[in-house]
Amino acid sequence: MTTAAIRAARAAQQRASRAVTRHGLAHPVALALLAVAAMAAARAWDTGHPVADTHLAPARKPSPLMPNLPFGRRG
């Protein structure tokens, strides 16, 4: 059940983000789809799926030439 719930949450979030992009945040359709996405995420959460895992970005290593990271120091 968690796979179906998380698929539904992902699909609802994608539809909502497309509606917000197309119509703007204040549009009634966008607001309704955002509400549907929130309910789908809540359903996935209730079935035991960690909803935070839905929107993970791939991990990136910092560039070795970043000036804000001193070389050889760990803090």
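These numbers were taken from a predicted model, which means no experiment stands behind them. Residue numbers start at 1 and run along the sequence shown.
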| task | Specify the closest pair of heavy atoms between Gly24 and Ala30, including all atoms of both residues, with the distance to one decimal. | result | O-CB, 3.4 Å
| remark: Distance col, row Arg15:CZ vs Arg10:CZ, nearest 0.5 angstrom, shows 14.0 Å
| said: Working note: Ile6 + Thr47, criterion side chain to side chain contact (heavy atoms under 4.5 Å, CB included); need CA distance, chi angles, decisive distance, verdict. | reply: CA-CA 9 Å; Ile6 202 61; Thr47 61; over 6 Å; no
| task | Return the minimal non-hydrogen interatomic distance between Leu25 and Leu34, and the atom names on each side. | result | CD1-CD1, 3.6 Å
| request: Search all heavy atoms of Ala12 against all heavy atoms of Ala40 and return the closest pair with its distance. | output: CB-CB, 4.2 Å
| query | CE of Met39 to CG of Asp46: how many Å apart, nearest 0.5 Å? | reply | 12.5 Å
